[in-house]
Amino acid sequence: MSAPTLSKSKATPPSHGRPGSDRTDFAREEFVRSVRRNLSAHGFLIGAVLCFSFFSWYPMVREFILAFQKNENGKTTWAGWSNLTYIFNDPAFWQAWRNTLLFTGLALLLGFVVPFVVAVVLNEFRHGQGYLRLLVYLPVMLPPVASVLLFKYFYDPGYGLFNRILETFGLPAQQWLQDTDTAMLSVVIAATWMSMGGATLIYLAALQGIPGELYEAAELDGAGILRKIWHVTIPQTRLILSLMLLMQIIATMQVFTEPFLLTNGAGPEGSTTTVVYLIYQYAFNFNNYGSAAALGLVLLVLLAGFSAVYVRLSRGSED
């Protein structure tokens with residue numbers, strides 16, 4: 001009898017031991033771990049996008065649509081270009097733009113230059129700088145309405161602080177908010193005092209990042225204080241200065257709170273009527289929401305165009 005022969009069959013390894021299967025399982029597990037790890041971040045991101053869309057993009061889209069509509073007797077109809085024609089033919093439109101540009105120019109002279117000068121002075125202090133920073137930033141922490149009402153008390157022609165100071169030096173008292181020549185300047189002074197703290201701290205942080213070797217080299221070349229500021233400080237902080245200039249122009253073009261509370265919006269002979277206050281008048285005093293939206297659209301387009309041109313010129317100068 002012949003001995004039984006064993007069949008030579010190749011043993012197949014289990015499926016879980018295959019290299020391709022291992023790589024697939026590892027990739028799947030890594031994907032699940034990354035999703036779990038970033039799930040909270042994605043949740044916060046989606047929430048921020050939804051809030052931004054609802055509170056920022058939707059009002060802009062709604063304003064664009066409303067600018068070409070009119071509402072009469074509870075019925076909304078398309079108005080075409082009539083709202084834009086109405087605001088361009090309104091004399092208050094051009095006066096509001098003149099006042100807004102005047103406020104922007106004065107606010108840049110004070111609100112852009114003064115914080116930078118204060119930051120340069122604070123940067124020279126070696127002791128008590130933290131206390132001085134707090135003192136400069138304190139007006140920003142106050143409620144805007146409280147700050148404006150405080151200045152309204154200072155500007156009072158009868159018992160105001162500013163007229164008391166003028167009388168101390170033998171100068172005549174001024175009708176700060178009641179005179180067309182000083183009303184806008186008074187508004188600019190109040191607005192500058194309220195908002196200069198934040199800009200000062202930003203400039204101070206930029207100044208403290210400048211290497212001290214540059215100032216030492218300038219001193220060896222015989223440069224004085226003004227020459228060091230012009231040749232070292234300003235070039236080293238040019239990026240921050242450009243960004244702050246753009247932000248301040250956009251902010252000052254939308255001024256509303258200060259003239260509204262100090263001069264009841266319009267001021268003497270309309271000398272403090274700004275574009276945003278005119279939008280407020282169209283919407284809530286005249287119930288003309290279409291014209292208010294049209295004026296807001298004009299302001300939006302002008303500021304967006306200015307920002308685009310400014311950024312383009314800034315990039316060109318850097319290149």
Side-chain angles (χ1 to χ4, degrees), residues 50-107 143-149 151-152 155 177-180 183-184 186-188 190-191 194-195 249-307:
L50 291 177
C51 289
F52 184 80
S53 301
F54 183 77
F55 292 105
S56 296
W57 287 106
Y58 173 74
M60 286 191 289
V61 174
R62 186 71 182 91
E63 179 188 16
F64 180 82
I65 297 174
L66 190 61
F68 299 96
Q69 292 179 337
K70 62 180 179 179
N71 193 324
E72 295 180 353
N73 299 324
K75 296 182 179 179
T76 301
T77 57
W78 287 102
W81 300 98
S82 61
N83 290 326
L84 292 171
T85 303
Y86 173 80
I87 63 172
F88 283 126
N89 292 327
D90 187 2
F93 172 84
W94 303 106
Q95 184 184 25
W97 275 107
R98 287 194 299 269
N99 294 336
T100 301
L101 293 176
L102 176 62
F103 178 87
T104 300
L106 293 175
V145 175
S147 299
V148 173
L149 294 179
F151 266 85
K152 192 171 185 178
Y155 286 134
L177 301 176
Q178 293 76 24
D179 191 349
T180 56
M184 183 60 76
S186 301
V187 174
V188 171
M194 292 168 53
S195 59
I249 290 176
I250 294 175
T252 53
M253 291 288 287
Q254 302 178 68
V255 61
F256 173 77
T257 303
E258 292 84 356
F260 180 75
L261 294 177
L262 287 174
T263 62
N264 296 324
E269 300 180 10
S271 58
T272 60
T273 299
T274 60
V275 174
V276 178
Y277 178 72
L278 187 59
I279 295 174
Y280 170 83
Q281 280 190 313
Y282 281 149
F284 301 106
N285 292 343
F286 307 148
N287 292 324
N288 190 346
Y289 296 101
S291 297
L295 183 52
L297 182 62
V298 172
L299 180 62
L300 172 66
V301 171
L302 288 178
L303 289 180
F306 168 77
S307 301

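Values below: every heavy atom of this structure, side chains too, minus hydrogens, waters and symmetry copies.
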Quiz item: Any chance the side chains of Y282 and N83 put a donor and an acceptor closer than 3.5 Å?
Solution: no
Quiz item: Which heavy atom of A190 sits nearest a heavy atom of L262, and at what distance?
Solution: CB-CD1, 4.0 Å
Quiz prompt | Enclosure of F68 CZ (heavy-atom neighbours >12, cutoff 6.0 Å) | solution = yes
Quiz item: Under 6.0 Å from the CD atom of E269, do we count more than 12 heavy atoms belonging to anything else shown?
Solution: no
Quiz item: Can you list the residues that meet the side-chain contact (heavy atoms from CB on, under 4.5 Å) rule with R98, with sequence neighbours excluded?
Solution: W94, Q95
Quiz prompt | Check: I249 main-chain N/O paired with T252 side-chain donor or acceptor under 3.5 Å | solution = yes
Practice problem: Measure from the side-chain N and O atoms of S291 to the backbone N and O of N288, and report whether any donor-acceptor pair falls under 3.5 Å. | Solution: no
Quiz item: How about V276 and L299: do any of their side-chain heavy atoms sit closer than 4.5 Å?
Solution: yes
Exercise. Provide the closest heavy-atom pair for T272 versus N99 in the form atom of the first, atom of the second, distance.
Key: N-ND2, 4.0 Å
Self-check item: Beyond-backbone contact of V148 with M194, side-chain heavy atoms, under 4.5 angstrom
Solution: yes
Practice problem: Nearest 0.5 Å please: distance from the OH atom of Y277 over to the CG atom of N264. | Solution: 7.5 Å
Quiz item: What distance do E258 atom CD and S147 atom OG have between them, rounded to the nearest 0.5 Å?
Solution: 9.5 Å
Self-check item: CZ (F54) with more than 12 external heavy atoms under 6.0 Å
Solution: no
Practice problem: Measure the spacing between CD1 of I279 and CZ of F284 and express it to the nearest 0.5 Å. | Solution: 10.5 Å
Quiz item: Does a sphere of radius 6.0 Å around OH in Y58 hold more than 12 heavy atoms from other residues, nucleotides or ligands, not counting ones at 6.0 Å or beyond?
Solution: no
Practice problem: Specify the closest pair of heavy atoms between F93 and L278, including all atoms of both residues, with the distance to one decimal. | Solution: CA-CD2, 3.7 Å
Quiz item: Which pair of heavy atoms, one from T263 and one from V187, lies closest together, and at what distance?
Solution: CG2-CG2, 4.4 Å
Practice problem: Keeping the roles fixed (side chain from Q254, backbone from I250), state whether a donor-acceptor pair exists under 3.5 Å. | Solution: yes
Quiz item: According to the interplanar angle, ranging from 0 to 90°, do the rings of F52 and W57 count as parallel (below 30°), tilted (30 to 60°) or perpendicular (above 60°)?
Solution: perpendicular
Self-check item: Non-hydrogen atoms of S271 and M184 that approach each other most closely
Solution: O-CE, 3.3 Å
Self-check item: Non-hydrogen side-chain atoms of Y289 and N287 separated by less than 4.5 Å
Solution: yes
Self-check item: Point-to-point distance, once rounded to the nearest 0.5 Å, from CG of L101 to OG1 of T274
Solution: 11.5 Å
Quiz item: Is there side-chain contact between F260 and V255, with heavy atoms separated by less than 4.5 Å?
Solution: no
Self-check item: Minimal non-hydrogen separation, L297 against E63, with atom names
Solution: N-OE2, 3.1 Å
